[in-house]
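Letters A, B, ... are given to chains in the order of the sequence lines, protein chains preceding strands, and every chain is numbered from 1.
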Amino acid sequence: MLAERTNAGHLTIVNEGETVQLYGWVQTRRDHGGVIFVDLRDRSGIVQVVFNPDMAGNGFDEAEKIRTEYVISLEGKVRKRPQGSENPNMKTGEIEVVAVNLTILNKAKTPPFYIQDNVDVDESVRLKYRYLDLRRPEMQNIFIIRHKVMQIVRNFLDKQDFLEIETPMLTKSSPEGARDYLVPSRVNQGNFYALPQSPQLFKQLLMVAGLEKYFQITRCFRDEDLRADRQPEFTQIDLEMSFVEMDDILPLMEEMVAKVFLEITGTKIALPFLRLSYQDAMERFGSDKPDTRFGLELIDVADVVKNAGFKVFADVIAKGGRVKGICAKGCAGMPRREIDALTNYVNIYGAKGLAYIVLGEDGIKSPILKFFTEDEIKNLIATMGGETGDILFFVADKESVVHNALGNLRLELAKRLNLIRDDIINCLWVIGFPLLEYDEEEKRYVAIHHPFTSPMDDDLNILDTEPLKARAKAYDMVMNGMELGGGSIRIHRRDTQEKMFQLLGLSPEEVKDKFGYLLDAFEYGTPPHGGIAFGLDRLIMILAMRDNIRDVIAFPKTQSASCLLTQAPSQVSPGQLKDLSIKLDIKAK
RNA sequence: GGCCCCGUGGUGUAGUGGUUAACAUGCCUGCCUGUCACGCAGGAGAUCGUCGGUUCAAAUCCGAUCGGGGUCGCCA
């Protein structure tokens, strides 16, 4: 039966005269009393079916019972539509299928929303009825893209001699990185597995094992707060190679990503990608994932203001902070309330204020004008590249705040000024990340990438003296201002890895308990190795032009990490808890 | 944990203290042989997220709470 099935959406005039067998859902029904039109939808598309009263048996009576989303099957004959009744808006609009019989395979309740593209319905309703949401062609298209991307990647890596190897989902909790999802062990009471944040250590062990090239398209779990581009479980394209350096990995990954774009969207991405140092990325764009599709770069004005009369700026410089600005071209006419809104915007990122100078046609206006001499102002404007018609924005604070605030202001300005071209794919690498940063809360160094990232060879000797200056053999792929993937050359020697743990403030006992197996493995002939992992969901977001990660995951969680369809997470029975020796201690609200 | 936005028939919206809560669409019934967002006629459908408060009177004002979204912190 199914072998004879015809794809509704593929029918064209060349099928004229053919007898076809259709199976699908009723998109719409137009009952004219004497003739009934049904748009039948399957995964391939939609075709118009005509039911006439003269069809055999009780077929027409059945057709009158049809309602939206009923599941039907029918045999019919493809014919050219009568002249003047063609529908140019439909792919199959030149033809129609005249039904000779009809079977209603299943009735359907009226769906809570239209099964069609561009529905305007609350997302929580879509998520509760996700199986209906996924019936919509635009959603199906996303998962077709997703499937194809996985095929392209698998095929590409297979041809490059990578082996797809699975790693455990029930694994060991580790103290570094994100919060783990924990799974209690029944067999080992009181002990817990963790779901993997990534297969990091297993893939390194596969390199120790001599598999040389590994990849996996695998689920990762992080128990952190959700965002528009972050889900608690997400999918990584994860890979690792032995006997490689950065310059082996980057071009290969560029090729892979370019191939995906070429095959999915036809977009040709220029190779090789720009490589930007972390230092430059932060200085020029205030971000380690810069969107370089537009200008509005950050400009350092410390030299101009450090000795000037404006104490707020000068003091920040004196205390080791930074003063930087952005020149917003042609924005001198910006109303005061919008400037205030931007001030509130940078406040979010910790900036205490947003200074500005308006270079208007009728002169220079600024609340801070009075603190500068005429020469200083001239100098400041020149340094910023300001011209009449522009507005200059400044933030003075410690470096991290200045970069974060201005980096985000830059994006916000670009959005408001409509400077971001969405027809361009902007790819680059950020390299030369610092190895470590200081965590004020934990009062210790933490790894910027992760603790298994190798320091640059040149910086090995400063690990003890100036650890914050050490750079890592790490690299991030950035696409349209989104961090799409990141990786590094790993540490493959026990002594270096131990040194790293020591810098991170882990006690020898903790190291032995949490990572002893890795250190032991490193003693049995570990090849130099490195790899990378891509966020598949984010890649699909870009390919499918979605700004929401939930749209590219079949059954996503809400912001409060629950599933509106299954109502997970939910309570479990006392018996289940007893099996695990778990007692709840929920604080009363 | 903080800040911001949203919650009214199935769905999308209107309604900012006072009649029977309005409109569109969907749904149901009838009519209709060329529609394709078919059309025409009629009908049903809402304890205005929940709880509490203010008031003679609350969808509307206040508080709490629940749910959804964005975001900071958090997270590669």
Side-chain angles (χ1 to χ4, degrees), chain A residues 27-40 46-54 60 64 67-69 81-90 92-93 96 98 109-116 118-129 132 176-180 197-198 200 220-232 234 236 288-289 341 344-351 404-405 408 412 430 433 439-441 446-450 453 474-478 482-488 532-535 538 547-548 550 557-560 562 564 567 589:
Chain A
Q27 178 72 32
T28 53
R29 170 188 74 114
R30 293 177 293 280
D31 185 347
H32 288 242
V35 64
I36 300 172
F37 298 99
V38 163
D39 289 343
L40 181 132
I46 292 173
V47 72
Q48 172 166 288
V49 180
V50 188
F51 295 94
N52 287 305
D54 56 2
F60 193 73
E64 287 190 311
R67 294 293 180 275
T68 303
E69 295 308 311
R81 289 196 189 188
Q83 187 138 36
S85 67
E86 301 88 352
N87 185 345
N89 300 319
M90 283 175 86
T92 59
E96 62 191 6
V98 184
K109 289 171 74 174
T110 304
F113 51 86
Y114 308 114
I115 309 301
Q116 56 187 231
N118 301 314
V119 286
D120 178 20
V121 58
D122 195 273
E123 197 182 348
S124 56
V125 178
R126 289 174 50 204
L127 290 179
K128 182 177 175 187
Y129 298 95
L132 297 180
E176 296 290 306
R179 192 176 294 112
D180 283 323
Q197 295 178 28
S198 81
Q200 183 60 34
C220 301
F221 304 86
R222 288 173 191 165
D223 188 3
E224 298 290 350
D225 287 353
L226 288 79
R227 286 286 189 285
D229 62 352
R230 261 162 43 188
Q231 280 273 303
F234 59 99
Q236 281 191 347
D288 61 357
K289 45 180 197 298
N344 290 336
Y345 185 76
V346 296
N347 286 155
I348 297 171
Y349 301 96
N404 200 217
N408 282 104
E412 181 65 17
V430 175
F433 281 81
D439 187 313
E440 297 285 353
E441 260 177 47
V446 294
I448 285 190
H449 188 61
H450 56 51
T453 298
Y475 33 83
D476 276 1
M477 186 187 285
V478 177
M482 190 186 259
E483 183 205 330
L484 193 61
S488 62
I532 191 167
F534 292 91
R538 290 180 179 179
D547 53 16
N548 185 326
R550 291 182 298 278
K557 307 278 190 291
T558 65
Q559 194 161 69
S560 52
S562 59
L564 296 180
Q567 297 295 315
K589 281 186 180 172

B:C27: pairing nucleotide in any strand, Watson-Crick or G-U under 3.5 angstrom
B:G43
Separation of B:U29 atom C1' from A:Arg67 atom CZ, nearest Å, is 10 Å
Mind checking the C1' distance from B:G45 to B:G12? Whole angstroms is fine.
16 Å
Check: A:Gln48 and A:Thr92 side chains under 4.5 Å, non-hydrogen atoms
no
Taking only residues two or more places apart in sequence, or in another chain, which ones meet A:Phe234 in a ring-ring contact (aromatic ring centres under 6.0 Å, His included)?
none
On a whole-Å scale, what distance lies between the C1' atoms belonging to B:C23 and B:U8?
13 Å
Footprint string (nucleotides 31-43 of chain B, 5' to 3'): B base within contact, S backbone only, - free, heavy atoms under 4.0 Å
-BBBBB-B-----
Please tell me if the side chains of A:Thr558 and A:Ser124 come closer than 4.5 Å, counting only heavy atoms from C-beta onward.
no
Using purine N1 to pyrimidine N3 plus N6-O4 or O6-N4 for Watson-Crick, or N1-O2 and O6-N3 for G-U wobble, both under 3.5 Å, which nucleotide pairs with B:C61?
B:G53
Residues that A:Pro88 engages under side-chain contact (heavy atoms from CB on, under 4.5 Å), provided they are two or more places apart
none
Sequence neighbours left out, what passes ring-ring contact (aromatic ring centres under 6.0 Å, His included) with A:Tyr349? Give chain and number order.
A:Tyr345
If we take the C1' atom in both B:G18 and B:G1, what is their distance in whole Å?
43 Å
In whole Å, what separates the P atom of B:G53 from that of B:G43?
40 Å
Non-hydrogen side-chain atoms of A:Phe37 and A:Val49 separated by less than 4.5 Å
no
Listing time: all N or O pairs from protein to nucleotides 44-50 of chain B that are below 3.5 Å?
none

Taking only the C1' atom of each, what is the distance from B:C27 to B:U65 in whole angstrom?
34 Å
Quote, to the nearest angstrom, the C1' distance that separates B:C40 from B:U33.
16 Å
Distance between the P atoms of B:C62 and B:C4, in whole angstroms?
14 Å
Any strand: nucleotide that pairs with B:C3 via Watson-Crick or wobble, under 3.5 Å:
B:G70
Paired to B:U20 by Watson-Crick or G-U wobble criteria (both distances under 3.5 Å) is none
I'd like to check A:Val121 versus A:Arg126 (side-chain heavy atoms, cut-off strictly below 4.5 Å). Are they in contact?
yes
Euclidean distance for P, B:A58 against B:G49 (whole angstrom)
15 Å
Quick one: are A:Lys289 and A:Asp476 in side-chain contact, heavy atoms under 4.5 Å?
no
Neighbour count above 12 (heavy atom, 6.0 Å) for A:Tyr129 OH
no
Could you run through nucleotides 68-76 of chain B and give me one letter per nucleotide, 5' to 3': B if any protein heavy atom sits under 4.0 Å from the base, S if only the sugar-phosphate is that close, - if neither?
SBBBBBBBB
Atom-pair distance (CD on A:Gln27; C1' on B:G26), nearest Å
14 Å
How many Å lie between CD on A:Gln116 and C1' on B:U11, as a whole number?
11 Å
Do A:Arg67 and A:Lys109 come within less than 4.5 Å of each other through their side chains, counting heavy atoms only?
no
A:Glu123 versus A:Asn548: any side-chain heavy-atom pair under 4.5 Å?
yes
Check A:Asn87, A:Thr28, A:Thr68 against A:Asp39 for a side chain to side chain donor-acceptor pair (under 3.5 Å) and give me the one that passes.
A:Thr28
